Enquirer: 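I'd like to ask you about the structure that follows.
Please read these numbers as outputs of a predicted model, since none were measured by experiment. The first residue of the sequence shown is numbered 1, and numbering continues consecutively from there.
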Amino acid sequence: MEALQQSGSFKDRGMAYMCSQLQKQGVSRLISSSGGNAGLAAATMGRKLGMAVRVVVPTTTKPLMLERIRAQQAEVRVHGANWNEADGLARDMVAKEETAAYVPPYEDPLLWEGHSS
């Protein structure tokens, strides 16, 4: 069943739940760091909810994934040699934008609740 999710992974369920909860809290922009399915899931769910999405990815991210994230109308920022560097920039961006929220790729109770649904 997971292969039938838009991103091809279980990430969509967790991201859908987290993004919808953030929207209810007044968040209008999502900022994520990822090199793969989590960024794609954040972009997909943000688009479906009418939220602006920025995904910060490391330089090692495959061109196909960049295309897939951009196809969901997300802004993609390539930064850093690895995920840790991309994640640091994403967190810095969130700190500067009042209506933005950080959407982690894997470690958040809202994600876990959505994944388990």
Enquirer: Could you list the residues that satisfy side-chain hydrogen bond (donor to acceptor under 3.5 Å, both in side chains) with S33, not counting sequence neighbours?
Expert: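 If we apply the side-chain hydrogen bond (donor to acceptor under 3.5 Å, both in side chains) test to S33, skipping adjacent residues, the hits are W83, D87.
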Enquirer: Output a table of donor-acceptor pairs, distance under 3.5 Å, between side-chain atoms of residues 49-64 and any protein atom two or more places apart or on a different chain; print 'none' if there are none.
Expert:
| from | atom 1 | to | atom 2 | distance (Å) |
| --- | --- | --- | --- | --- |
| R54 | NE | E75 | OE1 | 3.2 |
| R54 | NE | E75 | OE2 | 3.3 |
| R54 | NH1 | E97 | OE2 | 3.0 |
| T59 | OG1 | G80 | O | 3.3 |
| T61 | OG1 | P58 | O | 2.9 |

Enquirer: For M18 and P104, work out which heavy atoms get closest and say how close.
Expert: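 So the minimum-distance heavy-atom pair works out to CE-CD, 3.5 Å.
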Enquirer: With side chains defined as the heavy atoms from C-beta onward, is the minimum distance between M65 and N37 less than 4.5 Å?
Expert: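 Yes. Closest side-chain heavy atoms under 4.5 Å.
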Enquirer: Grab the two heavy atoms, one from A101 and one from V94, that are nearest each other, plus how far apart they are.
Expert: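 So the two residues come closest at C-CG2, 3.9 Å.
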Enquirer: Indicate yes or no: at least one non-hydrogen side-chain atom of T44 is less than 4.5 angstrom from one of K48.
Expert: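 Counting from C-beta outward, T44 and K48 do come under 4.5 Å.
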Enquirer: Grab the two heavy atoms, one from I31 and one from A100, that are nearest each other, plus how far apart they are.
Expert: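 Minimum heavy-atom contact is CD1-CB, 4.0 Å.
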Enquirer: Say you draw a straight line from CD of Q73 to CZ of R47; how long is it, rounded to the nearest 0.5 Å?
Expert: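 Taking CD in Q73 and CZ in R47, the distance rounds to 6.0 Å.
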Enquirer: Could you tell me which residues satisfy side-chain hydrogen bond (donor to acceptor under 3.5 Å, both in side chains) with S28, sequence neighbours excluded, listed by chain and number?
Expert: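 S28 satisfies side-chain hydrogen bond (donor to acceptor under 3.5 Å, both in side chains) with T99 only.
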Enquirer: Of the non-hydrogen atoms in E85 and H79, which two are nearest, and what is the gap between them?
Expert: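 Shortest heavy-atom separation between E85 and H79 comes out as O-CD2, 3.4 Å.
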Enquirer: Would you compute the distance between atom CZ of R68 and atom CZ of R70 and round it to the nearest 0.5 angstrom?
Expert: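 Those atoms lie 14.0 Å apart.
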